[in-house]
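This report concerns only the one structure given below.
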There are 2 protein chains.
Amino acid sequence: MKAKKIGALLLRVAGMKKKQHKRSPCPVACTLDLIGDKWTLLIIRDMFLGRCYYGDFSKSPEKIATNILADRLEKLVMSGLAEKWQPNDEPNREAYRLTSKGRTLKPVLESIATWGLNHIEGTEARLKPK
Amino acid sequence: MKAKKIGALLLRVAGMKKKQHKRSPCPVACTLDLIGDKWTLLIIRDMFLGRCYYGDFSKSPEKIATNILADRLEKLVMSGLAEKWQPNDEPNREAYRLTSKGRTLKPVLESIATWGLNHIEGTEARLKPK
DNA sequence: ACACGCACTTGCATTTTGCAAGCAACACTA
DNA sequence: TAGTGTTGCTTGCAAAATGCAAGTGCGTGT
């Protein structure tokens, strides 16, 4: 994974596109290659809720394992959906946030949240756009 | 897996709810527990496109492995998103289709398809509602 | 009687996940 | 300044999911 990360980093430094092995030209399949798992969209949800620290994400009620969290954050940054930044109030802490590209996933997240609310009993709305 | 299937079947016969271990009450997390992987939504996409046979699904360009396909179809039926039926023109063939609950996933699928078309180059629309 | 297509199932190697523990860097505290 | 705590990870390992190829059972056509 280390070598993979460095490899991807070199690609970015060189301004090259990451050669993503597409399963097909289908937009659904390609989007799922980026966010199609049980954890990525939950991190994105947390970012929409204003969370930005590693510790915040790992404290979410779904209890993501820390190694998975680190892996997904790295992939989100690699794919340009999130980025690292330094908050003004705590400039020395690592922080993450959605990029503008990442924020365009809002309709996706909202449609999923709406579906869950309407079709799975026992769910409660939490994604209130702040 | 066999015992699991029979167990789930007994629950349905008894009219009981499948006790789904919720990671949290979040509608996003709960929806992802149903459709949050790389394959399930592709099968649902195919069903929206009118495909209904096992062979049709396995011939999709993403080349899902047959054991995964069987597993996902079973889970889709278990969760009430799809069902088996017998088509009029070929009554002796196994066929699957979305239930009304499954069809309510259309906004989710459409938002994902739209996002992919707008943000991933090389993708082409295929999900034309027929 | 025999081949054929369809809908899976099985076995096995590889990959991903989940869990617990560990660890380096920094801040704070005594 | 030595110790303590917090943060953001990394590591090791077992368990589960995935991917691939081959095989199986069953009805159909010839």
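Numbers restart at 1 for each chain; the letters A, B, ... are given by sequence-line order, proteins then strands.
Here A/Lys63 lies out of heavy-atom contact (under 4.0 Å) with every strand. Counting any heavy atom pair closer than 4.0 Å across all strands shown, B/Tyr96 reaches sugar-phosphate atoms only and no base atom.
Contact annotation: A/Lys84 side-chain N/O to D/dC9 OP1/OP2 distance is under 4.0 Å. Contact annotation: A/Trp39 side-chain N/O to C/dG18 OP1/OP2 distance is under 4.0 Å.
Between the side chain of A/Thr99 and the backbone N or O of A/Glu83 there is no donor-acceptor pair closer than 3.5 Å.
At whole-Å resolution of the value, CZ in A/Arg72 and C1' in D/dG8 are 18 Å apart. For the pair A/Ile68 CD1 and D/dT10 P, the computed distance is 13 Å after rounding to whole Å. In this structure, B/Lys59 places its NZ atom 8 Å from P of C/dA7, rounding to the nearest Å. Counting to the nearest Å, the P atom of C/dA24 and the CD atom of A/Glu94 are 17 Å from each other. The distance from atom NE2 of A/His21 to atom C1' of C/dT15 is 15 Å, rounded to the nearest whole Å. Distance A/Tyr54 OH to C/dC26 P: 18 Å, rounded to the nearest Å. Atom CG in A/Asp71 sits roughly 13 Å away from atom P in D/dT11 (whole-Å rounding). Protein atom CD1 of B/Ile43 is 14 Å distant from nucleotide atom C1' of C/dA7, rounded to whole Å.
A salt bridge links A/Arg45 to A/Glu62: at least one charged side-chain nitrogen sits closer than 4.0 Å to a carboxylate oxygen.
By the neighbour-count criterion of 12 heavy atoms within 6.0 Å, atom CD of A/Glu90 is densely surrounded, having more than that number from other residues, nucleotides or ligands. Other residues, nucleotides and ligands place more than 12 heavy atoms under 6.0 Å from the CG atom of A/Asp89.
Scored by the salt bridge (charged side-chain N to carboxylate O under 4.0 Å, His left out) test, B/Lys101 finds no partners at all (sequence neighbours excluded).
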If you restrict it to nitrogen or oxygen atoms, what contacts under 3.5 Å exist between nucleotides 27-30 of chain D and the protein, and what is each distance?
{"unit_1": "D/dT28", "atom_1": "OP1", "unit_2": "B/Asn92", "atom_2": "ND2", "d": "3.3"}

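Minimum heavy-atom separation, B/Cys30 to B/Pro25: SG-C, 4.5 Å.
Each of B/Asn67 and A/Thr66 was matched to the nucleotide of DNA chain C holding its nearest heavy atom; the match closer to the 5' end belongs to B/Asn67.
The cationic atom of A/Arg23 (NZ for Lys, CZ for Arg) lies less than 6.0 Å from the six-membered ring centre of B/Trp39 and within 45° of the ring axis.
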